[in-house]
Number of protein chains: 2
Amino acid sequence: MAFRSEILIKLDKKGRVLLPAAFRDELPADDRGAFVLYHSPNLAGVVNGNSRAGFDAMLDRLRAEALGPKGALKVALDDEAFDPAGYLSASARTIAMEPDGRFSLPAEFASVLDVTDGVMLVGKGDKFQLWNPGRWQARRDSDRDKMAAFVRGLGAGDA
Amino acid sequence: MAFRSEILIKLDKKGRVLLPAAFRDELPADDRGAFVLYHSPNLAGVVNGNSRAGFDAMLDRLRAEALGPKGALKVALDDEAFDPAGYLSASARTIAMEPDGRFSLPAEFASVLDVTDGVMLVGKGDKFQLWNPGRWQARRDSDRDKMAAFVRGLGAGDA
DNA sequence: GAAATTCCCATGGTATCCCATAGCATCCCG
DNA sequence: CGGGATGCTATGGGATACCATGGGAATTTC
């Protein structure tokens with residue numbers, strides 16, 4: 001289960017978006033009809049997506065590693081303390097797909113993405129992202145330079 | 001598992017390419033039906049390939065070395081920071097083969113390779129590469145000289 | 001009832017399945 | 001040891017299935 005590739009998908013007049021077959025195939029076999037969209041916790045204008053199981057697994061890791069072994073119990077009782085996993089849950093929505101893999105993009109996501117006729121779907125391995133196509137282009141260009149620098153840095157550190 | 005040799009393969013009118021038997025045999029026995037293609041991170045016009053397991057192993061090593069022990073959690077949440085493994089995932093595609101070992105080369109790869117009727121498959125040990133045959137010829141010639149110089153350098157350092 | 005949502009059918013393009021063949025390499029068996 | 005016989009590899013091509021998309025009709029929502 002690893003989301004790869006970047007795919008430009010049409011947003012039609014009815015506000016529908018297709019989750020590409022390449023991504024649908026990465027959803028768990030027993031839960032192909034729905035997935036989760038949630039706002040990026042620290043990058044405005046980006047929406048993250050994952051399978052329900054993948055999203056839940058991330059929350060579990062978050063609670064375990066951020067809060068320690070007693071985290072789960074504490075979170076269940078302590079409403080005063082900040083709970084990052086709870087924060088993400090509130091920003092997330094379960095999205096049901098039609099049998100053909102399409103779904104209607106909730107307006108809250110469409111507006112932060114600022115998309116009107118196309119959405120860029122980007123695989124990030126253990127999750128995927130929705131981007132405004134133009135913004136993704138810019139991000140991608142800047143990442144390309146960072147990647148080249150990163151590779152150069154590996155060589156230097158080695159020697 | 002080591003990819004060796006250089007093989008020129010036809011690109012037919014339907015855009016199909018054969019993964020040579022010599023390379024298919026190097027794929028893990030339990031995952032022979034598909035592999036991964038991804039753009040070279042720092043060499044334009046070159047496409048890399050590997051088994052799914054080989055690609056994933058590279059990403060794991062990458063994340064381990066690029067980030068600290070808390071890397072996994074940070075990467076899962078931080079969309080603003082540059083993530084080399086995520087960058088490679090976005091540039092990669094899982095390629096399913098027909099039972100006879102052929103696959104259709106996605107247009108994005110065919111265009112950066114600038115191939116029309118033939119692709120050079122080059123084994124690089126732990127991965128393989130796709131090249132435009134002419135460009136590979138040039139690269140190979142230049143590498144031959146570099147290799148000779150490298151071997152001479154070894155002798156000098158020894159003495 | 002008007003607007004939005006969901007279901008269903010339609011379509012062009014692409015990818016996949018399947019069958020076919022020529023050229024090698026290997027095997028087999030007396 | 002020879003000479004077929006077999007099998008696999010790389011390639012071609014027709015038929016079929018699937019993907020992404022559009023749009024009408026039915027259903028829901030307020």
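All figures in this text were calculated on a predicted structure; none of them were measured in a lab. Quick note on labels: first sequence line is chain A, next is B, and so on, each numbered from 1.
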Earliest and latest nucleotide of DNA chain D, 5' to 3', sitting under 4.0 Å from a non-hydrogen atom of chain B? D:dT9 to D:dA15

Should B:Met97 and B:Leu105 be counted in the same cluster of Ile, Leu, Val, Met, Phe, Trp and Tyr side chains packed under 4.5 Å apart? yes

Can you tell whether the side chains of A:Lys10 and A:Asp12 come within less than 4.0 Å, N to carboxylate O? no

Connected via hydrophobic side-chain network under 4.5 Å: B:Leu19 and B:Phe109: yes

CE on A:Met120 to CZ on A:Phe128, rounded to 0.5 Å: 14.5 Å

Below 4.5 Å, heavy atoms only, C-beta onward: do A:Gln137 and A:Arg139 meet side chain to side chain? no

Looking at A:Leu27, is its backbone amide N or carbonyl O close enough to the side chain of A:Arg32 to form a donor-acceptor pair, meaning the two atoms are under 3.5 Å apart? yes

Please figure out whether B:Lys13 or B:Ile7 has its closest DNA chain D nucleotide nearer the 5' end. B:Ile7

Let me check something: do B:Val47 and B:Phe103 share a hydrophobic cluster, defined by ILVMFWY side-chain heavy atoms less than 4.5 Å apart, either directly or through other members? yes

Interatomic distance, B:Lys10 NZ vs C:dG23 P [rounded to whole Å]: 14 Å

Give a yes or no on this: more than 12 heavy atoms of other residues, nucleotides or ligands lie within 6.0 Å of atom CZ of B:Phe150. no

Would you kindly confirm whether A:Leu37 and A:Val119 end up in one hydrophobic cluster when ILVMFWY residues are joined by side chain heavy atoms under 4.5 Å apart? yes

Assess whether one donor atom and one acceptor atom, taken from the side chain of A:Lys14 and the base of C:dT6, lie less than 3.5 Å apart. yes

Within one Ile-Leu-Val-Met-Phe-Trp-Tyr cluster: A:Leu121 and A:Val36, side-chain cutoff 4.5 Å: no

Protein-nucleotide distance (B:Asp12, atom CG; C:dC19, atom C1'), rounded to Å: 15 Å

Members of residues 16-38 of chain A that approach DNA chain C, where some heavy atom sits under 4.0 Å away: A:Arg16

Does anything in residues 91-98 of chain B reach DNA chain C, meaning a heavy atom under 4.0 Å, and if so which residues? B:Glu98

